[in-house]
Number of protein chains: 2
Amino acid sequence: MSGTKLDQIDRKVLEILQTNAKITNAQLSKEIGLSPAPTLERVKKLETSGIIQSYHAQLNRERVGLGVTTFVQVTLVGHKKQVTESFVNAVREIPEIIECHHITGSGDFLLKVIARDISSYQVLMLEKINEIEEVASTQTMVILSTFKESKVLPIP
Amino acid sequence: MSGTKLDQIDRKVLEILQTNAKITNAQLSKEIGLSPAPTLERVKKLETSGIIQSYHAQLNRERVGLGVTTFVQVTLVGHKKQVTESFVNAVREIPEIIECHHITGSGDFLLKVIARDISSYQVLMLEKINEIEEVASTQTMVILSTFKESKVLPIP
DNA sequence: ACAGCCTCCAAATAAAATTCGGATATTGGT
DNA sequence: ACCAATATCCGAATTTTATTTGGAGGCTGT
């Protein structure tokens, strides 16, 4: 199966679909210089092979009433497997936590957290996140403004 | 114009489209309990009003050869407007930097950076990011694993 | 050179989005 | 409570788009 190797056309397809997932197959085929049939075939292959995982709508956070985004560095009470697992399970139950990464460096985890405003954020931290048993301490970085948020990976 | 207020059906539409942007209008209409015509009308209104900003394909980073993701805390050489502007302009030119946020707390900026592997990452830092004139120092957090990466905002 | 495989295209078909006219609700003013 | 204006809805026709099909090159390895 050739599903593993990407040629130049595949890369172009991926770049375009990362930028604009709603493009029609006909338009996509023009931009990559093929006819619609093989274009569709390539896209389907990228989807079924798992290179394209999913498609998502991106919302304007301000417009839906979510004005505050933060990164939170979390230190846990220990580093046993059990502690991490319980923490991660708790994190999964909190929809305001939209990312949770295990990281190197100071702190054990980095979260990305969304809230309506600062006071909602305070409540969220006090009543939900700092209430997680495994959390020893947290340090918040509030996003003042975002200068770049690219949805397009630089495919090597 | 009622384009500003979201009712319960709009929220459902937004949740579904954040989860799966490729759903057909017919299927979406079933899930929200309306017929296709008004369903489409709602989606179009959400798009033209700017609440839905865009649609993106999400790729499997490993599968496209991008195995390393990091967060980088950046401290600049000063805090004048000019310094920040030059820095941000430099950042925009580097495709491996996929996010750039101005934040509170220690450090001035937080970047999200993608690379093929650790050694590519090292080269990127040495030759591109630490070469930006306005950068005084950087501190990297390498993502060891990601436990949650939700594309669905909890709309209040 | 040729068998096997892959990629491509044009055209037919199937599916989906979009438009349209009009019925039914909702809202705001008196 | 009434009425007019507005917004929302539906079913069905129309247009656009996706998908399938059959077959024509072209590349690879022998």
Side-chain angles (χ1 to χ4, degrees), chain A residues 1-60 62-66 151-153 155-156, chain B residues 1-60 62-66 151-153 155-156:
Chain A
M1 208 217 289
S2 77
T4 306
K5 285 151 195 160
L6 301 176
D7 64 15
Q8 220 36 55
I9 297 179
D10 289 324
R11 287 166 213 276
K12 194 81 184 290
V13 168
L14 291 175
E15 185 188 329
I16 293 170
L17 291 180
Q18 284 183 96
T19 303
N20 172 23
K22 273 295 175 72
I23 189 173
T24 66
N25 187 58
Q27 183 60 34
L28 178 61
S29 73
K30 275 182 201 163
E31 298 197 10
I32 66 175
L34 291 181
S35 75
T39 301
L40 189 65
E41 199 180 343
R42 279 170 182 268
V43 173
K44 293 297 173 195
K45 198 172 291 180
L46 290 168
E47 287 170 359
T48 61
S49 74
I51 291 175
I52 296 177
Q53 285 186 326
S54 46
Y55 297 91
H56 305 277
Q58 196 194 5
L59 309 190
N60 182 320
E62 300 272 344
R63 301 280 273 101
V64 296
L66 292 166
K151 300 296 172 184
V152 184
L153 304 179
I155 301 172
Chain B
M1 207 218 289
S2 78
T4 306
K5 286 150 194 161
L6 301 175
D7 65 14
Q8 221 35 57
I9 296 179
D10 289 324
R11 287 166 213 276
K12 193 80 184 290
V13 168
L14 292 175
E15 185 188 328
I16 293 170
L17 291 180
Q18 283 183 96
T19 303
N20 172 23
K22 272 299 175 70
I23 190 173
T24 66
N25 188 58
Q27 183 60 33
L28 177 61
S29 72
K30 276 182 201 163
E31 299 198 10
I32 66 175
L34 290 181
S35 76
T39 301
L40 188 65
E41 200 180 343
R42 279 171 181 268
V43 172
K44 292 297 174 196
K45 199 172 290 182
L46 290 167
E47 288 170 359
T48 59
S49 75
I51 291 175
I52 296 176
Q53 284 185 327
S54 46
Y55 297 91
H56 306 276
Q58 195 195 5
L59 309 189
N60 182 319
E62 300 273 345
R63 301 280 271 100
V64 296
L66 292 167
K151 301 294 173 186
V152 184
L153 303 180
I155 300 172

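Below, read A as the first sequence line, B as the second, and so on, with proteins coming before strands; counting in each chain starts at 1.
Each of D/dT21, D/dT17, D/dC10 was ranked by its minimum atom distance to the side chain of B/Ala37; first place goes to D/dC10. Out of D/dC9, D/dT17, C/dC8, the shortest distance to the side chain of B/Arg42 is found at D/dC9. For B/Ile9, counting side-chain heavy atoms from C-beta on, the closest listed nucleotide (D/dT17, D/dT8, D/dC9) is D/dC9. Closest to the B/Pro38 side chain, of the nucleotides D/dA18, C/dC8, D/dC9, is D/dC9.
To the nearest 0.5 Å, the span separating CZ on A/Arg42 from CG on A/Leu6 amounts to 10.0 Å.
When heavy atoms are screened at a 4.0 angstrom cut-off, B/Lys22 is found touching no nucleic acid atom at all. Among the protein residues, B/Ala26 comes within range of the sugar-phosphate backbone only, with heavy atoms under 4.0 Å from sugar or phosphate atoms but none that close to a base. Using a 4.0 Å heavy-atom criterion, one finds that A/Ser35 contacts the bases of the nucleic acid, with or without backbone contacts as well.
For A/Lys44, a side-chain nitrogen or oxygen approaches OP1 or OP2 of D/dT19 to under 4.0 Å.
Nucleotide D/dA18 holds its P atom 12 Å from the NZ atom of A/Lys30, rounded to whole Å. Following rounding to the nearest Å, B/Asn25 (CG) and D/dC9 (C1') show an atom-to-atom distance of 14 Å. For B/Leu40 and D/dT16, the CG to P distance is 15 Å, given to the nearest whole Å. Atom NZ in A/Lys45 sits about 16 Å away from atom C1' in D/dT19, given to the nearest Å. Spacing between atom CD1 of A/Ile32 and atom P of C/dC8 amounts to 8 Å, rounded to whole angstrom units. Rounding to whole angstrom units, NZ of residue B/Lys5 and C1' of D/dT6 are separated by 14 Å. At whole-Å resolution of the value, CG in B/Asp7 and C1' in C/dT27 are 15 Å apart. Between the CG atom of B/Asp10 and the P atom of D/dA7 there is a distance of 15 Å, rounded to whole Å.
In plain terms, the two heavy atoms of B/Ala26 and B/Ser29 that are nearest each other are O-OG, 2.6 Å. Of all the heavy atoms in A/Ala21 and B/Ala57, the pair that sits closest is CB-N, 3.8 Å.
Checked for salt-bridge contact, A/Asp7 and A/Lys12 miss the test: no charged N lies under 4.0 Å from a carboxylate O.
Between A/Ser54 and the choices B/Lys22, B/Gln58, B/His56, the side-chain hydrogen bond (donor to acceptor under 3.5 Å, both in side chains) rule is met once, by B/Gln58.
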